[in-house]
Amino acid sequence: MKISLRRFLVGSAVSLVALSTAGAAFAVDLDFMVNGNEDVWTEVVERYKAVAPEVNINLNLVGYNVIRDQLPIQLEAGTGPDMATVTALGALHRFYLDITPYVDEAYWEENYGALLPWYRAGQEGGLYGWHSQVTVTGPYVNVTLFEEAGVELPGEGATWDDWADAAAQVQQELGLYAGMVMDRSGQRFAGPAISYGAQYITEPGGNLVVDDGYIAMAERMMKWHESGLMPPDIWPALAGQAYANGNEIFFAQEAAFYMSGSWNLLEVEGAVGDEFEWKVVPVPCGTATCAAMPGGTGLVSFSHTEHPEEVAAFLNWMAQTENAEYFYATSYQIPAHLGLQTSGVDYVGAGASKAVQDALNVFAANAARTAREAPQAYWIQGDPRNTEFFNATVNYLGAALSGELTLEEAIAKIREQIGAS
């Protein structure tokens, strides 16, 4: 009996060691580089642990410049994270993992089919990312400042010139640092330029164009900076393609009008609080149309990962209706999921204010109008060359605004860099 008991105890101990070793062997660590909605992503990753306890997702929260500038360098070197949130959806296509073998392709096509081509860079088929944010550019205005200055808000259909005149009145009346501010971003510039007739691209996958409409908006940027309507420390002050946003200026009530976008709603609501009343207004018009720029952020995985099945499982879990709705509701995002676009998302139930709910409705309307009237906004957004075009805008228009180049010289350099007519 003693021998049998000893053998049982020894055997049990060996079995426990084996199980422990097997558990450690099957544990998977995934690196996930994230910019934006950090609190929501942190919560989502915690929720996923209940579904896949053997998967450890290590969040690396970084600034947008890291995603834009450093991540591509890492990927070229064959390094970088297993997953990341990216905005250059087509430009990074060659690094993506195609998750088609691991998921229900029909489900993805049914619910996300409209945006999947943005990830394919002109290639046929393949599932490369879950669209975590449908974003739309558009302006935030400080209603309180307009009221204090006794200036009426321009209504729907107002032009960029109308808004510039109104913001200049508010600036002069209240002694503000600036009247208007726009993120230092070629994508933010693109919507207004298209409103003045800029084509950007002749057709999907066609030639890139820098035309009179583009120049018309560039001339306005020059005029607004020369007059002091726009501040000197966003577009003119930085060099090259460096990005800067106008959050601090708008939050400090030093500008009455801020050209940003739907991705900024959480930040605006959290930073402004009860300091002043704000709202999102319909995107201003130009001489051709009233265009916003669609876009967004995608959760993608990369082909160098050692754990393709596990990263595909996480993307697929995020794409399911219940999980997608939770993410869109708590991060205040316009859904990419077709079913949720139809049924709607309960943002107020997730804690959003009425201002956020109203803002999302305005952003969605801006996107819908752009799709009808300015399809080139969607064509250029889905083109893998858009990052180079947008960066050239920032680089050389910024140099013109700082006085390093004339506008004519800047336009010539933009055309040269992107091979445009």
Side-chain angles (χ1 to χ4, degrees), residues 86-91 112-122 131 133-139 156-160 163 182-218 220-221 259-264 280-298 333-336 341 360-394 397 414 418 420-421:
V86 301
T87 56
L89 305 178
Y112 299 99
L115 297 179
L116 294 177
W118 284 3
Y119 296 81
R120 292 170 178 158
H131 210 70
Q133 294 177 253
V134 174
T135 58
V136 186
T137 59
E156 186 169 357
T159 67
W160 278 96
W163 275 102
M182 177 189 291
D183 293 338
R184 193 177 195 267
S185 160
Q187 199 243 16
R188 238 64 88 236
F189 172 87
I194 290 172
S195 297
Y196 282 94
Q199 187 63 29
Y200 271 83
I201 188 169
T202 56
E203 60 184 350
N207 296 326
L208 302 182
V209 179
V210 177
D211 53 19
D212 290 345
Y214 183 99
I215 295 170
M217 187 59 199
R220 283 169 170 77
M221 291 286 285
M259 182 59 177
S260 179
S262 60
W263 60 89
N264 211 14
V280 171
V281 297
V283 68
C285 303
T287 54
T289 185
C290 314
M293 275 301 293
T297 299
Q333 302 299 333
I334 301 167
Q341 290 175 354
L360 286 164
N361 289 334
V362 174
F363 280 127
N366 289 342
R369 180 169 186 172
T370 300
R372 293 193 306 269
E373 299 181 6
Q376 68 266 39
Y378 285 81
W379 300 344
I380 189 63
Q381 187 61 32
D383 193 281
R385 299 166 292 176
N386 68 9
T387 298
E388 185 174 11
F389 201 155
F390 295 157
N391 286 346
T393 297
V394 170
L397 180 55
I414 293 169
I418 66 174
S421 57

Considering all heavy atoms, the nearest [X]-[Y] contact:
| X | Y | result |
| --- | --- | --- |
| Thr387 | Ala88 | OG1-CB, 3.5 Å |
| Ile194 | Ala374 | CG2-CB, 3.7 Å |
| Val362 | Pro282 | CG1-N, 3.8 Å |
| Thr297 | Tyr119 | O-OH, 4.1 Å |
| Leu115 | Ala336 | CD1-CB, 3.8 Å |
| Gly296 | Thr135 | N-OG1, 2.8 Å |

[Y] side chain reached by [X] side chain, heavy atoms, under 4.5 Å:
| X | Y | result |
| --- | --- | --- |
| Val210 | Phe389 | yes |
| Met259 | Pro192 | yes |
| Val280 | Leu360 | no |
| Ile418 | Arg385 | no |

Distance (rounded to the nearest 0.5 Å) between [X] [atom1] and [Y] [atom2]:
| X | Y | atom1 | atom2 | result |
| --- | --- | --- | --- | --- |
| Tyr196 | Arg220 | OH | CZ | 3.5 Å |
| Trp263 | Ile334 | CH2 | CD1 | 10.5 Å |
| Tyr200 | Gln376 | OH | CD | 10.0 Å |
| Leu89 | Asp383 | CG | CG | 12.0 Å |
| Phe189 | Met221 | CZ | CE | 6.5 Å |
| Leu397 | Ile215 | CG | CD1 | 11.5 Å |

Checklist entry - Residues in side-chain contact (heavy atoms from CB on, under 4.5 Å) with Val281, at least two apart? => result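 Applying side-chain contact (heavy atoms from CB on, under 4.5 Å) to Val281 gives Pro139, Val141, Trp163, Lys279.
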Checklist entry - Looking at residues at least two apart in the chain, or sitting in another chain, which of them share a side-chain contact (heavy atoms from CB on, under 4.5 Å) with Thr202? => result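 Once residues adjacent in sequence are excluded, the partners of Thr202 under the side-chain contact (heavy atoms from CB on, under 4.5 Å) criterion are Asn207, Val209.
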Item to check | Test log, rule side chain to side chain contact (heavy atoms under 4.5 Å, CB included), inputs Gln133 and Thr87 | outcome: CA-CA 9 Å; Gln133 294 177 253; Thr87 56; over 6 Å; no
May I ask you to decide if [Y]'s main-chain N or O and [X]'s side chain share a donor-acceptor pair within less than 3.5 Å?
| X | Y | result |
| --- | --- | --- |
| Gln333 | Pro335 | no |
| Asn366 | Ala292 | no |
| Asp183 | Ser260 | no |
| Ser195 | Cys285 | no |
| Arg188 | Arg184 | no |
| Gln187 | Thr137 | no |

Item to check | Residue pairs, two or more places apart or on separate chains, that pass salt bridge (charged side-chain N to carboxylate O under 4.0 Å, His left out) and touch residues 197-209 | outcome: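 Not a single pair qualifies under salt bridge (charged side-chain N to carboxylate O under 4.0 Å, His left out).
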Checklist entry - Relative to each other, are the rings of Trp118 and His131 parallel, tilted or perpendicular (30° and 60° limits)? => result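 Perpendicular, since the angle between the ring planes exceeds 60°.
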Next on the checklist: Test of understanding: with side chain to side chain donor-acceptor pair (under 3.5 Å), list the residues that count as partners of Tyr112, not counting sequence neighbours.
Outcome noted: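 Here the qualifying residues are Trp130.
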Next on the checklist: My understanding is that only residues two or more places apart in sequence, or in another chain, count here; which of them pass side chain to side chain donor-acceptor pair (under 3.5 Å) with Thr393?
Outcome noted: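 Testing Thr393 for side chain to side chain donor-acceptor pair (under 3.5 Å), a comparison that skips the adjacent residues, returns Tyr214.
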Next on the checklist: Could you work out, with salt bridge (charged side-chain N to carboxylate O under 4.0 Å, His left out) as the rule, every residue matching Glu156, not counting sequence neighbours?
Outcome noted: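 Glu156: no salt bridge (charged side-chain N to carboxylate O under 4.0 Å, His left out) contacts found.
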Checklist entry - After noting the C-alpha distance and the side-chain angles of Thr370 and Tyr378, does the key distance pass the side chain to side chain contact (heavy atoms under 4.5 Å, CB included) rule? => result CA-CA 8 Å; Thr370 300; Tyr378 285 81; 4.1 Å; yes
